[in-house]
Amino acid sequence: MPYELRTEMVRLLEVPEKKRVSELEWLRLGPMRVSGKDMELALDRAREVRGLGAGAVDAGRVPAARMTSLAGTG
């Protein structure tokens, strides 16, 4: 894993001042309601995750069932 990605991932564990959860937890949680504002927030989350560069990590050896479990879609 690239050093910059590791550094960014550690930063995401910090809970910002006046917030209740870390940025990583915010990225992990999906929208609670279906509304235009929640869709906008979901798209912001997707942009932030994509911007981390996590796609540069080779996850090809992780079994498909495990990836589904980690993604929370199974």
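Residue numbers count from 1 along this sequence.
Remark: Glu40 CD to Arg45 CZ distance equals 11.5 Å, nearest 0.5 Å. Rounded to the nearest 0.5 Å, atoms CG (Leu13) and CD (Glu25) are 10.5 Å apart. With rounding to the nearest 0.5 angstrom, the CD atom of Glu8 is 10.5 Å from the CG atom of Leu24. Taken from CG in Leu43 to CD in Glu48, the straight-line distance is 13.0 Å, to the nearest 0.5 Å.
Residue Arg11 places its CZ atom among more than 12 non-hydrogen atoms of other residues, nucleotides or ligands, all under 6.0 Å distant. More than 12 non-hydrogen atoms from other residues, nucleotides or ligands lie less than 6.0 angstrom from CZ of Arg6.
Under a 3.5 Å cut-off, the side chain of Ser69 and the backbone N or O of Ala65 do not form any donor-acceptor pair.
With a 4.5 Å cut-off on side-chain heavy atoms, Glu14 and Ser22 do not count as touching.
Hydrophobic cluster membership differs between Val15 and Val10, with clusters built from Ile, Leu, Val, Met, Phe, Trp and Tyr side chains linked at under 4.5 angstrom.
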